[in-house]
2 protein chains.
Amino acid sequence: MNATATTPSLPAIPDTLTRSVEDYLKAIYRLSPEGQPASTSDIAHLLELSAPSVSGMVKRLSELGLLEHVPYKGVQLTDAGRRAALRMVRRHRLIEAYLVQFLGYGWDTVHAEAERLEHAVSDPLVERMAAALGHPVADPHGDPIPDADGAIHEPACTPLAGMSVGDTAEIRRVDERDAERLRYLASLGLVPGVAVTLRDRQPFGGPVTVEASGERHVIGPELAQVVLVRSEGDR
Amino acid sequence: MNATATTPSLPAIPDTLTRSVEDYLKAIYRLSPEGQPASTSDIAHLLELSAPSVSGMVKRLSELGLLEHVPYKGVQLTDAGRRAALRMVRRHRLIEAYLVQFLGYGWDTVHAEAERLEHAVSDPLVERMAAALGHPVADPHGDPIPDADGAIHEPACTPLAGMSVGDTAEIRRVDERDAERLRYLASLGLVPGVAVTLRDRQPFGGPVTVEASGERHVIGPELAQVVLVRSEGDR
DNA sequence: ACCTTGATTTAGGCTAGCCTAATAATTTCA
DNA sequence: TGAAATTATTAGGCTAGCCTAAATCAAGGT
């Protein structure tokens with residue numbers, strides 16, 4: 001017995017992770033940016049994999065020291081795991097920003113491309129892109145970009161659905177994953193940086209009416225949930 | 001029996017190939033751009049894999065209709081295989097050109113990065129890069145870039161080692177794979193576009209002396225083999 | 001014509017990741 | 001509290017790709 005004795009033989013974290021592993025870490029980070037445990041089934045749902053597949057991978061990742069797993073309770077990233085996850089988040093968001101800025105991509109199509117590229121770019125390339133962009137702090141959807149050390153500042157945002165009638169706020173962030181949704185929001189002019197005023201809300205989870213750039217739009221509740229705003233009052 | 005009856009059940013070529021398959025096709029293309037058969041062991045050597053691994057993959061690829069294999073004779077790409085290979089060659093060379101032009105890469109470091117990115121980029125991204133570059137016909141090492149339909153024009157080149165003393169020629173192409181070699185060549189000013197005159201050749205495969213940009217350099221025979229030139233006389 | 005040599009293929013085994021079906025643990029609710 | 005529902009894990013199996021060791025084929029020299 002000559003190891004540092006935490007778990008029975010700890011296989012060091014390999015210097016390069018597989019695509020799968022990177023995707024798991026990103027998913028777990030997304031499910032619990034604050035560090036609360038994420039459930040197996042949530043991970044499975046997000047990655048569109050079966051629950052047993054996730055169970056198996058979770059076991060391997062915890063043996064690698066990338067996360068901690070309490071059976072039937074959930075998983076939490078270790079520091080090493082969170083670092084690796086944030087590295088992927090940084091890559092993803094910088095790639096999106098780069099493709100939009102320099103290669104004419106739209107905010108609706110850029111996610112799929114970044115999803116593959118993030119596993120293939122080298123760290124130096126990521127930093128070159130960051131420099132070419134002038135070290136941006138957010139991607140085209142308003143998602144904050146962690147710095148190279150993994151520090152990230154998540155600005156306080158609330159769903160548009162949570163605004164009160166009469167309130168005015170600025171759109172900060174929009175969930176990036178559904179291209180069609182992004183195209184629809186863009187067609188309405190509901191993009192980050194735009195000021196919106198809530199004009200009406202129907203009861204029982206009904207639609208809301210917002211005014212932006214002088215136009216009024218009726219928005220369904222699930223859409224109003226993925227558009228994040230910052231009230232003029234905050235910070 | 002309801003198939004078109006060439007081989008006993010032909011599994012259609014999948015729309016996306018794996019990284020491994022893409023690498024095999026590229027390797028086979030490189031070993032036989034003219035279509036002569038490539039040997040198992042040459043493929044194994046180029047990809048740094050064991051011969052049995054290559055044997056197994058070759059079997060699968062021939063079942064997929066990407067190549068034809070005559071046991072103990074060699075493999076030849078089919079039209080579909082060659083098309084897939086040229087698609088990878090186009091990607092690789094355009095990525096190299098893009099990274100050098102827009103992201104400050106040097107010709108010595110760009111190969112490794114392109115080697116990974118070529119498997120991850122989408123066709124539209126490749127075409128956007130090509131457009132941003134103004135549809136170049138060659139990459140930073142002078143290697144010609146196939147067009148989007150897979151047509152490629154390989155300019156007639158001969159190794160510098162094959163020149164006669166007193167001849168003058170233009171450097172056209174340099175093997176891209178060894179970063180250190182590229183750095184050395186660049187330090188001597190021996191890059192594509194430069195005119196060189198052969199001043200001396202030592203017998204028995206000895207070094208050659210070339211003059212370029214007014215300077216003389218002594219070059220070992222294996223280096224003189226990977227620098228390709230076009231004589232002023234040729235086309 | 002035979003035998004050695006080198007290239008190639010077959011045999012058998014391994015890991016990473018995925019799956020479905022079956023089992024087990026936890027939570028919920030009557 | 002105890003059954004039902006939910007959630008997670010184990011069992012067992014699959015493919016892609018890689019490996020080493022063993023067998024086999026193709027040639028070339030005597």
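Naming: A, B, ... by sequence-line order, numbering from 1 per chain. In this text, all values refer to a predicted model and were calculated from it rather than measured experimentally.
Checking A/His119 against A/Asp23 by side-chain atom types alone, a donor-acceptor pair falls below 3.5 Å.
Taking a heavy-atom distance under 4.0 Å as the criterion, the stretch of DNA chain D touched by chain B extends 5' to 3' from D/dA16 to D/dA27.
Residue contacts shown for B/Ser41 are limited to sugar-phosphate atoms, with no base heavy atom under 4.0 Å away. Residue-level contact check: A/Thr40 touches the backbone only, with heavy atoms under 4.0 Å from sugar-phosphate atoms and none from bases. Within 4.0 Å (heavy atoms only), A/Ser50 reaches at least one base atom of the nucleic acid.
The side chain of B/Pro52 sits closest to C/dT9 out of C/dT9, C/dA7, C/dT20.
Regarding contacts with the backbone of C/dT8, every side-chain N or O of B/His69 stays at 4.0 angstrom or more from both OP1 and OP2.
Taking 4.0 Å as the cut-off between side-chain N and carboxylate O, A/Arg93 and A/Glu176 do not count as a salt-bridged pair. A salt bridge is defined here as a Lys NZ or Arg NE, NH1 or NH2 lying under 4.0 Å from an Asp or Glu carboxylate O, and B/Glu154 with B/Arg173 meets this definition. The pair B/Arg91-B/Asp123 counts as a salt bridge, with a side-chain nitrogen and a carboxylate oxygen less than 4.0 angstrom apart.
At distances below 3.5 Å, at least one donor-acceptor pair connects side-chain atoms of A/Gln76 with backbone N or O atoms of A/Gly35.
Partners of A/Arg128 by side chain to side chain donor-acceptor pair (under 3.5 Å), not counting sequence neighbours: none found.
Comparing A/Arg60 and A/Tyr72, the nucleotide of DNA chain C nearest to each residue sits closer to the 5' end for A/Arg60.
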